[in-house]
Amino acid sequence: MWETLKLCNRVANHVSRAAFDTGIIGKQPLQRLTYAGIKKLGVSAQPALHCIRKAAGAYTTLRANLAAGNYGPAGSKRRERVEAEPIRFRKDAAQPFDDRCLSWQLDARTVSIWTVNGRVKDISFACSPQQAKMLTDYRCGESDLVYRGGHWYLYATCEVPEAEPITPAGGFLGVDLGIANIATTSDGARYAGKHLHQVRHRNRRIRQRLQRKGTKSAKRLLRKVSGREKRFAADTNHRVFQDDRDRGSTHLARYRPRRPGRHP
């Protein structure tokens, strides 16, 4: 599986270089330009198309971010640095598969997937009963193969119908989102973001120190702490904006931050 992911991202980098050199980023034109060449790299037809689409989508996103000024104004060092190099995909970047490359056997809890060494069948996967029901009822389209933290994941696409809107018994609560204050409600409650910023600054110092050190153990620790800040922020926001079902209305929960060292 690892060799498959590396090959797909090598192909995507090949396509990205071609898109950067020619300025062609549309899916169909990019396919006509690169398909014959990347087939020689040993990738099958459908994965090849997905690599092309992945590269085209990355450039579309990049252009949208540049137009929105997310990399700074024209002439800024950051923007020039981004524009000066082709997009590169990590060797372990996620790879999309459609149903011709990856099929699900939901009753058996197994999948069959294309690899560089041929199709591999009966690969077991684990999920909760609720996730299994969602896969059975609503799965459609592509699935992403993801390698993260030493584990393999499949991110499936599910089209879940929208639930009927619920009118809270206690009425609605207005919420203003911010940075200094994570949220301020229409009834006067405030939820400060000071602790969240402290954690971010501390994690940034840790990353800088480990990157300067550059040893194997430092790199292992960097991988270990990767994503910790994002999970901490997501958990903080979730607890701030959780629903209180006992009161029968949506409101903000009192924010009591956990100690960062205890966050999973």
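This is a predicted model, so every value here is computed, not measured. What you see below is based on every heavy atom in this structure, not just the backbone, and it leaves out hydrogens, waters and symmetry mates.
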Are the side chains of Leu33 and Thr22 in touch, meaning some heavy atoms are under 4.5 Å apart?
yes
Under a 4.0 Å threshold between the charged nitrogen and the carboxylate oxygen, would Asp122 count as salt-bridged to Arg109? no
| said: Test side chain to side chain contact (heavy atoms under 4.5 Å, CB included) on Leu154 and Val146; report intermediate values, then the result. | reply: CA-CA 6 Å; Leu154 281 172; Val146 179; over 6 Å; no
Tell me whether Arg119 at atom CZ has more than 12 heavy atoms from other residues, nucleotides or ligands lying less than 6.0 Å away. yes
Between Ile38 and Val43 the two heavy atoms that sit nearest each other are O-CG1, 3.5 Å
Discussion item. One pair to check against side chain to side chain contact (heavy atoms under 4.5 Å, CB included): Ile25 and Arg63. What are the steps and the verdict?
Written reply: CA-CA 10 Å; Ile25 66 169; Arg63 286 196 174 180; 3.5 Å; yes
For Ala218 and Leu210, the nearest pair of non-hydrogen atoms, with its separation, is CB-O, 3.6 Å
Worksheet item: Do Arg53 and Leu30 have side chains that get closer than 4.5 Å, going by heavy atoms?
Response: no
| task | Would you indicate whether Asp21, at its atom CG, is surrounded by more than 12 heavy atoms from other residues, nucleotides or ligands within a distance under 6.0 Å? | result | yes
Between Ala12 and Lys54 the two heavy atoms that sit nearest each other are CB-CE, 3.9 Å
- Hey, is NZ on Lys213 packed in by over 12 heavy atoms from elsewhere, all under 6.0 Å? no
**Request:** Could you tell me how the ring of Tyr153 sits relative to the ring of Tyr155: parallel (under 30°), tilted (30 to 60°) or perpendicular (over 60°)?
**Result:** tilted
Tell me whether Gln208 at atom CD has more than 12 heavy atoms from other residues, nucleotides or ligands lying less than 6.0 Å away.
yes
inquiry  = Treating Asp98 as the side-chain partner and Cys101 as the backbone partner, does any N or O pair qualify as donor plus acceptor under 3.5 Å?
reply    = yes
The complete set of ring-ring contact (aromatic ring centres under 6.0 Å, His included) pairs with one or both residues in residues 102-149, sequence neighbours excluded, reads Trp2-Tyr147, Trp104-Phe125, Tyr147-Trp152
task: Give a yes or no answer on whether the side chain of Tyr71 reaches the backbone of Val82 with a donor-acceptor pair at less than 3.5 Å.
output: no
### Ser44-Gln46 side chain donor-acceptor pair, cut-off 3.5 Å
no
Rounded to the nearest 0.5 angstrom, the OG-CE distance for Ser128 and Met134 is 9.0 Å
inquiry  = Using a 3.5 Å distance criterion without hydrogens, assess whether the side chain of Asn9 forms a donor-acceptor pair with backbone atoms of Phe89.
reply    = no
Between the CD atom in Glu162 and the CD atom in Glu164, the distance rounded to the nearest 0.5 Å is 9.5 Å
CG of Leu221 to CD1 of Ile206, rounded to nearest 0.5 Å, is 8.0 Å
The reported gap from CD in Gln28 to CD1 in Ile52 (rounded to nearest 0.5 angstrom) is 9.0 Å
* Under 3.5 Å: donor-acceptor pair, side chain of Thr157, backbone of Glu142 -> yes
Can you tell if the side chain of Lys27 reaches within under 4.5 Å of the side chain of Gln31, non-hydrogen atoms only?
no
Of all heavy-atom pairs linking Ala84 and Phe20, the shortest is O-CZ, 3.4 Å
Problem set entry | Leu102 reachable from Leu7 in the ILVMFWY side-chain graph, under 4.5 Å edges | yes
What one should report as the nearest heavy-atom pair of Cys140 and Glu159 is SG-CG, 3.3 Å
Rounded to the nearest 0.5 Å, the OG1 atom of Thr136 sits from the CG atom of Leu106 at a distance of 4.5 Å
Short N-O contact, Glu3 and Lys6, less than 4.0 angstrom:
yes
Exercise. List the steps, then state whether side chain to side chain contact (heavy atoms under 4.5 Å, CB included) holds for Ser112 with Gln105.
Key: CA-CA 8 Å; Ser112 168; Gln105 295 79 46; 4.2 Å; yes
Review point. Below 4.5 Å, heavy atoms only, C-beta onward: do Val11 and Asn13 meet side chain to side chain?
Key: no
Does the pair Arg81/Glu85 count as a salt bridge with the N-to-O cut at 4.0 Å?
no
- prompt: Does Gln95 reach the side chain of Cys51, with side-chain heavy atoms less than 4.5 Å apart?
  reply: yes
Test side chain to side chain contact (heavy atoms under 4.5 Å, CB included) on Met1 and Leu145 and set out the steps.
-> CA-CA 9 Å; Met1 204 71 69; Leu145 178 65; 3.9 Å; yes
key: Side-chain touch Arg79/Leu66, heavy atoms, less than 4.5 angstrom   = yes
| query | Judged by atom type as modelled, is there a donor-acceptor pair below 3.5 Å linking the side chain of Thr110 to the main-chain atoms of Ile123? | reply | no
- Item | Ser103 (side chain) donor-acceptor with Asp99 (main chain) under 3.5 angstrom | no
Item checked: Polar contact flag, side-chain donor to acceptor under 3.5 angstrom, His14-Arg17 -> no
Minimal heavy-atom distance between Leu135 and Ala156, with the atoms involved, is CD2-CB, 3.5 Å
Here the gap from Leu62 atom CG to Ile87 atom CD1, rounded to the nearest 0.5 Å, amounts to 4.5 Å
